[in-house]
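These notes concern the structure reproduced below.
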Amino acid sequence: AQFALAGFETNLFLHHPDQQETIQERLNAIILEAIDHQLTNDNLVSVNNRLHFHDNYADTLANADFVTESISEDLALKQTVWHQIEQHVTPTTILSTNTSGLSPDDIAKVLTHPERFVVAHFWNPAQLMPLVEVVPGQATTDATVKDTVSLMRQLGKHPVALKQAALGFVGNRIQAAVLREALHIVDEGIASPAAVDEVVKYSLGRRWNLVGPIASADLGGLDVFDNISKYLYAELDHTTTEDPRLQAKVAHHELGLKTGHGFYDWDGDQGASIVAERNAKLIDALKHDHD
Ligand SMILES: NC(=O)C1=CN([C@@H]2O[C@H](COP(=O)(O)OP(=O)(O)OC[C@H]3O[C@@H](n4cnc5c(N)ncnc54)[C@H](O)[C@@H]3O)[C@@H](O)[C@H]2O)C=CC1
Ligand SMILES: O=C(O)[C@@H](O)C(=O)[C@H](O)[C@@H](O)CO
């Protein structure tokens with residue numbers, strides 16, 4: 001939807017053609033959300049006229065300038081799909097993956113032309129979160145990064161290009177480190193999940209929306225942070241394997257909102273209302289960005 005809303009002719013590959021109606025409904029909801037909140041001056045018909053569904057790679061990829069995928073976070077699957085995709089595009093078509101943190105070099109091992117392969121990692125919900133991490137592989141050319149950054153800006157996103165890839169890139173390395181410590185705090189009986197979330201919402205989350213963590217340390221005084229590190233770093237969770245807290249939840253099929261239970265119980269329309277409240281504030285922030 002982001003590409004069509006930005007005015008681009010957009011082909012979508014239907015992995016399950018029988019899902020076209022459902023996918024169209026989800027696209028319409030995103031497009032109407034943008035229209036209702038004045039995030040676009042376009043209309044539903046003209047945006048949909050730029051969206052074209054196909055059930056085969058040849059038609060989907062014909063004459064493509066830029067290709068992106070958001071298939072399951074599975075390296076072997078991504079390699080299989082990218083090998084297939086490359087058979088239908090030109091050597092200069094930019095190929096981008098929305099992986100949350102896999103190595104672009106590992107994915108690109110199957111490509112004849114890895115120089116045009118790049119990560120363009122959107123954040124959830126992709127239509128409302130501005131950040132796109134643009135991450136090069138070792139073979140990725142500067143021109144590929146530059147063109148991808150430029151395209152993300154045309155989508156109205158806030159692209160940030162990294163110097164080089166590292167698993168998890170920047171956002172998910174920080175998100176994973178914070179979640180690991182948050183779950184450790186709950187596990188140790190220091191605070192409840194609700195208390196941990198409230199502390200972050202009304203301190204770090206509020207401040208980091210204005211000043212990032214490194215600048216915040218500069219503002220707070222690096223000597224103070226250094227003194228804190230002397231006694232605190234040894235106390236922090238050092239889990240280096242699959243997180244046992246998450247593993248236990250998955251083993252009990254408690255996957256969060258999608259199953260009704262995770263670290264919270266999501267009864268009735270609690271989940272829908274918290275997502276609606278979150279999205280409303282994200283829209284306000286997006287409109288503020290655009291102003
Ligand atoms: N879920 C999120 O909040 C975010 C996810 N990502 C990344 O986006 C990608 C997708 O994530 P999710 O949507 O959560 O995964 P998911 O597993 O829920 O959905 C994957 C989709 O890929 C489709 N698919 C599977 N094999 C395919 C194939 N061979 N050809 C075409 N389509 C195929 C499936 O039908 C499914 O619709 C992953 O790489 C993930 O790391 C990135 C940012 C946010
Ligand atoms: O929005 C996010 O958190 C994404 O950037 C991610 O990549 C997360 O890891 C997501 O895949 C899990 O929901």
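When reading the values below, keep in mind they use all heavy atoms of this one structure, side chains included, and skip hydrogens, waters and symmetry mates. One is the number of the first residue; the rest follow in order along the sequence. Just follow the structure's listing: the first ligand is 1, and inside any ligand the first atom is 1.
A donor-acceptor pair under 3.5 Å is absent between the side-chain atoms of Arg116 and the main chain of Thr144, judged by distance alone. Under the 3.5 Å distance criterion, the side-chain polar atoms of Ser46 are left unmatched by any main-chain donor or acceptor of Asp42. Within the 3.5 Å criterion, the main-chain N or O of Val149 finds no donor-acceptor partner in the side chain of Lys157. The closest donor-acceptor contact from the side chain of His16 to the backbone of Leu14 lies at 3.5 Å or more, if one exists at all. Side-chain atoms of Glu21 do not come within 3.5 Å of backbone N or O of Gln19 as any donor-acceptor pair. Of the possible donor and acceptor atoms, one in the side chain of Thr80 sits under 3.5 Å from a partner among the backbone N and O of Ala76. Under a 3.5 Å cut-off, the side chain of Gln79 and the backbone N or O of Asp106 do form a donor-acceptor pair. Panel note: side chain Thr239, backbone Asp237; no donor-acceptor pair is recorded below 3.5 Å. For Glu73 (side chain) and Ser100 (main-chain N/O), a donor-acceptor pair under 3.5 Å exists by modelled atom type. Looking only at distances, a side-chain donor or acceptor of Arg245 sits under 3.5 Å from a matching main-chain atom of Arg180.
Atom 37 (O) of ligand 1 lies below 4.0 Å from none of the non-hydrogen atoms of the protein. Protein non-hydrogen atoms do reach within 4.0 Å of atom 30 (N) of ligand 1. In this structure, atom 14 (O) of ligand 1 has no protein heavy-atom contact shorter than 4.0 Å. For atom 41 (O) of ligand 1, a protein heavy-atom neighbour is found at a distance under 4.0 Å. Distance screen at 4.0 Å: atom 2 (C) of ligand 2 has a protein heavy-atom neighbour inside the cut-off. At least one protein heavy atom sits closer than 4.0 Å to atom 5 (O) of ligand 2.
Residue contact check: Thr99 has heavy atoms under 4.0 Å from atoms 39 (O) of ligand 1. Ligand 1 places these atoms under 4.0 Å from at least one heavy atom of Leu77: 26 (N), 29 (N). Under a 4.0 Å criterion applied to the non-hydrogen atoms of Ser70, ligand 1 contributes the atoms 9 (C), 10 (C), 20 (C), 21 (C), 22 (O). Using a 4.0 Å cut-off to heavy atoms of His121, the atoms of ligand 1 that qualify are 42 (C), 43 (C). Distances below 4.0 Å separate heavy atoms of Phe122 from the following atoms of ligand 2: 5 (O). In the vicinity of Val81, heavy-atom distances shorter than 4.0 Å reach the ligand 1 atoms 29 (N). With ligand atoms numbered from 1 in the order given, ligand 2 contributes 4 (C), 5 (O), 6 (C), 7 (O) to contacts under 4.0 Å with heavy atoms of His121.
Compare Ile71, Val119, Asp74 by their heavy atoms: the one nearest to atom 9 (C) of ligand 1 is in Ile71. The closest non-hydrogen atom to atom 9 (O) of ligand 2, taken over Leu179, Asn172, Thr99, comes from Asn172.
At least one N or O atom of Ser100 sits closer than 3.5 Å to an N or O atom of ligand 1. Considering backbone and side-chain atoms together, Asn124 places an N or O closer than 3.5 Å to an N or O of ligand 1.
Of the candidates Arg153, Gln2, Met152, Met152 is the only one forming a side-chain contact (heavy atoms from CB on, under 4.5 Å) with Val132.
Looking at Trp123 against ligand 1, nothing comes within 4.0 Å, counting heavy atoms. Residue contacts with ligand 1 for Glu69 are absent, since no atom lies close enough (heavy atoms, distance under 4.0 Å). With a heavy-atom cut-off of 4.0 Å, Glu73 does not touch ligand 2 at all. Contacts of Met129 with ligand 2, taken as heavy-atom pairs under 4.0 Å, are absent altogether.
Remark: Asp226 CG is packed, more than 12 non-hydrogen atoms of other residues, nucleotides or ligands lying under 6.0 Å away.
The closest approach between a heavy atom of Lys78 and any atom of ligand 1 is below 4.0 Å.
In terms of protein heavy-atom proximity, atom 7 (C) of ligand 1 is nearest to Asn98 O, 3.2 Å. Distance from atom 23 (C) of ligand 1 to its nearest protein heavy atom, with residue and atom name: His15 CD2, 4.2 Å. When hydrogens are left out, the protein atom nearest atom 7 (O) of ligand 2 is Ser100 OG, 2.6 Å; that is the closest non-hydrogen contact. Counting only heavy atoms of the protein, atom 44 (C) of ligand 1 lies nearest to Phe122 O, 4.0 Å. Distance from atom 19 (O) of ligand 1 to its nearest protein heavy atom, with residue and atom name: Ser72 OG, 4.4 Å. Protein heavy atom at the shortest distance from atom 13 (O) of ligand 2 is Asn124 ND2, 4.8 Å. Remark: minimum distance from atom 39 (O) of ligand 1 to any protein heavy atom is reached at Glu73 OE1, 2.5 Å.
With hydrogens and angles left out, the side-chain atoms of His113 and Glu86 include no donor and acceptor closer than 3.5 Å. With hydrogens and angles left out, the side-chain atoms of His54 and Asp59 include no donor and acceptor closer than 3.5 Å.
At least one side-chain heavy atom of Ile107 sits less than 4.5 Å from a side-chain heavy atom of Leu75. When side chains are defined from C-beta on, Leu257 does not count as touching Ile274, because their heavy atoms never get closer than 4.5 Å.
Both cation-pi conditions hold for Lys249 and Phe263: the charged atom is under 6.0 angstrom from the six-membered ring centre and inside a 45 degree cone around its axis.
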